[in-house]
Amino acid sequence: MSDRMLEEPWTLSPSVALRPEPFGALAYHFGNRKLTFLKRPELVEVVRLLEQHPRLGSALDAAGIPPEQHDAYAAALRALAETDMIRPRHQEAA
């Protein structure tokens with residue numbers, strides 16, 4: 001089963017700063033003041049690659065995430081989208 005999110009372009013929200021940590025990174029949203037722990041370095045890499053790729057699936061490929069794990073990563077990224085840590089690229093200018 002493929003997640004539709006994998007076919008869409010995403011980006012890090014402009015109000016979010018990532019701070020590298022040994023476990024992955026801290027993501028802080030200056031607008032809503034949410035702090036999120038990205039507990040996997042691989043997930044941090046995917047978030048950093050979003051802007052450079054036309055769709056989430058290609059960012060996952062570029063980060064070396066095996067195709068059988070794409071749906072699980074899409075679920076994790078969906079949770080980040082719910083707090084505006086990442087957003088669909090078409091909303092970037094909004």
Side-chain angles (χ1 to χ4, degrees):
M1 177 179 291
S2 182
D3 191 312
R4 197 178 93 174
M5 184 180 189
L6 295 170
E7 300 304 319
E8 300 169 349
W10 289 83
T11 189
L12 185 68
S13 294
S15 298
V16 172
L18 292 178
R19 186 175 88 187
E21 295 290 342
F23 57 80
L26 290 174
Y28 180 74
H29 193 295
F30 289 95
N32 62 25
R33 299 182 183 201
K34 297 275 184 185
L35 179 65
T36 301
F37 294 84
L38 304 180
K39 298 178 184 173
R40 296 187 57 104
E42 299 87 355
L43 182 58
V44 176
E45 181 66 13
V46 171
V47 169
R48 290 186 189 281
L49 289 171
L50 289 175
E51 183 63 32
Q52 301 169 30
H53 293 275
R55 58 187 194 83
L56 173 56
S58 60
L60 291 165
D61 290 338
I65 307 302
E68 60 273 10
Q69 293 180 15
H70 283 198
D71 286 341
Y73 273 82
L77 290 158
R78 183 170 281 105
L80 292 176
E82 288 172 3
T83 56
D84 194 41
M85 294 292 178
I86 65 169
R87 57 174 60 172
R89 202 170 301 150
H90 61 80
Q91 288 182 1
E92 184 179 4

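The model shown is predicted, which means the values in this text are computed figures rather than measured ones.
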inquiry  = Could you tell me if the side chain of L38 sits less than 4.5 Å from the side chain of L18, heavy atoms only?
reply    = yes
key: Other cluster members, F23 - Ile/Leu/Val/Met/Phe/Trp/Tyr, side-chain contacts below 4.5 Å   = L26, Y28, F30, L35, F37
note = CD (E45) and CD1 (I65) are apart, to the nearest 0.5 Å, by 8.5 Å
task = Working to the nearest 0.5 Å, report the span between CD of Q52 and OG1 of T11.
result = 10.0 Å
L6 CG to H70 NE2 distance, which is reported to the nearest 0.5 Å = 7.0 Å
query = Quick one: salt bridge (charged side-chain N to carboxylate O under 4.0 Å, His left out) pairs with a partner in residues 21-32, sequence neighbours left out?
reply = R19-E21
remark   = Distance col, row R4:CZ vs R78:CZ, nearest 0.5 angstrom, shows 9.0 Å
message = Can a donor-acceptor pair be found, under 3.5 Å and without considering hydrogens, that links the side chain of R89 to the backbone of L50?
response = yes
message = Filter on salt bridge (charged side-chain N to carboxylate O under 4.0 Å, His left out), then keep only pairs touching residues 53-68, sequence neighbours left out; what's left?
response = E7-R55
remark   = Residues S58 and P54: closest non-hydrogen pair is OG-CD, 3.4 Å
message = For G31 versus S15, what's the shortest heavy-atom pair and its separation?
response = N-CB, 4.2 Å
request  = Check P20 against R48 and note the closest heavy-atom contact, atom names and distance.
outcome  = CG-NH2, 3.9 Å
task = Heavy atoms only: give me the nearest V46-A59 pair and the separation to one decimal.
result = O-CB, 4.4 Å
message = When you compare the side chain of H29 with that of T83, does any pair of heavy atoms fall below 4.5 Å?
response = no
ask   = Do R87 and P14 come within less than 4.5 Å of each other through their side chains, counting heavy atoms only?
value = yes
message = Assigning hydrophobic clusters by single linkage (Ile, Leu, Val, Met, Phe, Trp, Tyr; side-chain heavy-atom cutoff under 4.5 Å), is M85 placed with L43?
response = yes
Side chain to side chain, I86 and V16, heavy atoms closer than 4.5 Å = no
message = Please report the interatomic distance CG(D84) to CG(N32), rounded to the nearest 0.5 Å.
response = 6.5 Å
